[in-house]
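Structure, as structure tokens:
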Amino acid sequence: MSDEVRGPATRATLDDAQPVLSVRNLRKVFGTQVAVDDMTFDLMPGRSLAIVGESGSGKTTVARMICGLEKPTSGTITACGRDRSKPARRGSERKARGREVQIVFQDPYSSLDPRQSGAELIDEVLRVHHDHDAADRKRIVAELAEVVGLDQRQINALPKALSGGQRQRVAIARALATDPRVLILDESVAALDVSIQAQVLNVLADIRDDRGISYILISHDLAVVRQLTEETIVMQRGVVVERGETGQVLDDPQHPYTKLLRASVPGPGWKPQRMRDRIAAQA
Amino acid sequence: MSALLEVRDLTVQLKMDSGMREVITGTSLTIAEGEAMGLVGESGSGKSMTAKAIARLLPDGADVQGSVTFDGTDVLALDGDALRKHRAQVAVVFQDPRAHINPVRRIEDFMTESLRILESVSKPDAAKRAAAALEEVGIDDPGKRLRQFPHELSGGMLQRVMIATALLSEPRLLLADECTTALDVTTQAEVMAILDDLRRDRGLSMLFITHDLELAGAVCDRTCVMYAGQVVETRAASLLHGDPLHPYSAALVQARPDISSTAERLVAIPGRPVSAFEAPSGCRFAPRCPHAEDACRAEEQVLTELDGGRVRCRRAAELRGRLLDGAHV
């Protein structure tokens with residue numbers, strides 16, 4: 001790992017040098033389509049890794065395999081020393097895996113049960129995963145609400161009474177309830193308004209600093225990637241085409257695909273270029 | 001350049017379960033021949049409703065005050081054939097192409113329907129024009145695409161089909177409502193370049209609705225920022241990002257993470273964006289504004305001229321040049 005120390009990295013104490021998540025030669029084939037091919041990476045405690053790429057690059061498939069929603073065709077995934085590349089054989093094993101790795105999905109409008117308040121949702125997660133009494137659970141619900149910046153009324157409200165940003169905070173609080181070591185953020189801030197996105201990104205940075213959780217951020221938004229992560233993996237059609245320190249990948253991309261991604265982001269002085277002109281310019 | 005479109009004091013109320021709710025309050029904007037105007041804002045700011053009012057696509061029971069004038073014609077008074085003609089001249093491209101195309105009809109049926117019905121163009125001629133339009137937006141082998149169904153095309157391809165379809169009626173104004181938001185960044189760049197070419201080649205005017213201030217800044221001549229149903233700032237697009245006049249525009253600029261540096265902490269805007277009917281009296285942005293004073297909350301703000309732009313903030317002149325203080329380091 002790089003020796004740059006910033007915020008959460010200080011939590012990755014030197015004697016704690018075991019990766020919290022280890023992915024080796026991961027491969028997933030759907031029919032004849034190779035969705036993910038030979039992916040390997042380590043995630044250290046308290047660090048954040050971005051996986052970027054466009055639709056169909058396989059980034060969400062990687063996330064789904066890590067949480068056990070999809071079975072790898074081959075390769076291994078080890079989280080907290082536990083192999084999770086094969087389906088869990090027992091309920092207790094499945095629960096243990098659920099505790100270690102949690103995910104926050106993109107759309108807070110479809111990822112919450114409309115009949116359940118945030119408080120009830122978190123309480124349920126706590127009952128399934130931990131041995132707290134009712135008073136303890138109530139205290140933890142209040143703590144988690146505070147962590148994600150929801151007040152008592154909001155955490156006790158049904159999703160329909162909440163805005164997108166507030167719902168996404170409920171989803172983050174739910175994911176934190178198992179006290180995970182790894183949190184997967186699958187386009188978790190993409191659907192939010194600019195002003196709300198900034199609030200949620202700040203909350204995520206605080207949580208990482210306070211709890212030493214590791215993040216995997218699946219995103220197509222390179223500015224968000226820059227803000228939240230230290231390392232970046234670029235995927236194209238299931239294959240890792242570039243990886244490195246986030247700042248370096250974005251400031252000095254090496255692979256043609258990464259260069260194309262970077263050049264497609266609008267900014268001052270940006271001029272959109274048509275594919276045919278781009279190809280002509282290269283010829 | 002004379003104004004092709006002029007929207008004046010547009011106020012729109014929509015019928016909701018709980019009665020009439022205001023979604024736009026006194027919006028005014030003009031677009032000249034060949035000009036690209038960006039319309040920027042968050043959810044509920046009224047930007048999509050403004051476009052719908054211009055294209056006369058507001059839902060039933062909407063109450064519309066003010067005026068919309070397109071090429072000298074009073075748009076709000078149109079009906080029948082005249083309205084159909086207006087909608088041919090003012091084409092709309094929406095965010096999600098899949099939601100606006102019939103999934104069980106071939107691309108050719110979708111593209112040529114209005115030509116055949118409204119302009120009585122023969123089927124082979126309509127197909128020829130559709131193929132030419134597809135080529136114009138950079139789609140190879142248009143003959144094959146015309147025979148395909150929507151599910152056989154990617155999102156980016158389908159959005160280009162939507163733009164090509166909009167072009168078939170020879171529009172003079174294109175209303176692009178978040179038309180690249182659902183696309184990958186490289187596809188977005190391609191679609192933006194196509195729109196840019198069309199604007200140059202055909203002298204097309206454009207109202208480009210987006211939440212992305214940087215995108216608007218890069219492709220538009222002027223940008224209008226909306227908040228809670230009101231225009232709060234209109235300014236040359238190239239200036240808005242580096243030199244905003246309204247505290248809300250500045251807050252939007254600062255809240256966005258920067259691709260070239262990591263901020264210690266993002267300058268988030270407290271609270272959430274509100275719709276016109278939820279907005280407080282006085283300045284609508286005041287509850288979230290770091291510069292708000294009692295006087296801001298007390299009086300309705302009006303758009304005033306400042307440095308070549310227009311801004312709805314009584315403190316704008318006094319805050320000039322200080323709004324981005326403490327921005328990204």
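Below, read A as the first sequence line, B as the second, and so on, with proteins coming before strands; counting in each chain starts at 1.
Around the CZ atom of Arg115(A), the shell of radius 6.0 Å holds no more than 12 heavy atoms that belong to other residues, nucleotides or ligands. Within 6.0 Å of the CD atom in Glu146(A), the count of heavy atoms belonging to other residues, nucleotides or ligands does not exceed 12. Residue-environment remark: CD (Glu278(B)) exceeds the threshold of 12 foreign heavy atoms within 6.0 Å. Within 6.0 Å of the CD atom in Gln248(A), the count of heavy atoms belonging to other residues, nucleotides or ligands does not exceed 12. Summarising the local packing, CG of Asp201(B) is surrounded by more than 12 heavy atoms from other residues, nucleotides or ligands at distances under 6.0 Å.
Note: Ser260(B) OG to Leu222(A) CG = 11.5 Å, rounded to the nearest 0.5 Å. Rounding to the nearest 0.5 Å gives a distance of 4.0 Å between CZ of Arg288(B) and OG of Ser195(A). Note that CZ of Arg262(A) and OG1 of Thr186(B) are 14.5 Å apart. Values are rounded to the nearest 0.5 Å. Atom CD1 of residue Ile269(B) and atom CD1 of residue Ile196(A) lie 8.0 Å apart, to the nearest 0.5 angstrom. Rounded to the nearest 0.5 angstrom, Ile259(B) CD1 and Thr246(A) OG1 are separated by 11.0 Å. Rounding to the nearest 0.5 angstrom, the gap separating the CZ atom in Arg272(B) from the CD atom in Gln199(A) is 11.0 Å.
Looking at Met192(B) and Pro266(A), their side chains never come closer than 4.5 Å, going by heavy atoms from C-beta outward. Between Arg265(B) and Leu201(A) the shortest side-chain heavy-atom distance does not fall below 4.5 Å.
For Ser163(A), the part lying under 4.5 angstrom from a heavy atom of chain B is the side chain only. Heavy atoms closer than 4.5 Å to chain B are found in the side chain of Leu250(A), but not in its backbone. Neither the backbone nor the side chain of Val40(B) comes within less than 4.5 Å of any heavy atom in chain A. In this structure, the portion of Val265(A) lying under 4.5 Å from any heavy atom of chain B is its side chain and not its backbone. In this structure, chain A has heavy atoms under 4.5 Å from both the backbone and the side chain of Glu42(B). For Val191(B), no part lies near chain A; criterion is any non-hydrogen pair under 4.5 Å.
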Any chance you could lay out the side-chain hydrogen bond (donor to acceptor under 3.5 Å, both in side chains) test for Arg256(B) and Gln197(A), step after step, and finish with the verdict?
-> CA-CA 8 Å; Arg256(B) 220 359 237 168; Gln197(A) 186 185 67; 3.2 Å; yes
Lys271(A)/Asp196(B) under salt bridge (charged side-chain N to carboxylate O under 4.0 Å, His left out): CA gap, chis, key distance, verdict = CA-CA 9 Å; Lys271(A) 195 96 196 88; Asp196(B) 218 35; 2.7 Å; yes
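Looking at every heavy atom in both residues, Ala193(B) comes nearest to Arg274(A) through CB-CG, 3.3 Å. Shortest non-hydrogen contact noted between Val185(B) and His220(A) is CG1-O, 4.5 Å.
Ranked by non-hydrogen atom pairs under 4.5 Å with chain A, the options His211(B), Glu214(B), His241(B), Glu190(B) are led by Glu190(B). In terms of non-hydrogen atom pairs under 4.5 Å with chain A, the most contact-rich of Pro273(B), Gly217(B), Gly155(B) is Pro273(B). With chain A as partner, the option from Ile194(B), Leu195(B), Asp212(B) having the largest number of non-hydrogen pairs under 4.5 angstrom is Ile194(B).
A salt bridge does not link Arg226(A) with Asp258(B): every distance from a Lys NZ or Arg NE/NH1/NH2 to an Asp or Glu carboxylate oxygen is 4.0 Å or more.
In terms of modelled atom types and a separation under 3.5 Å, the side chain of Asp184(B) and the main chain of Glu54(A) share no donor-acceptor contact.
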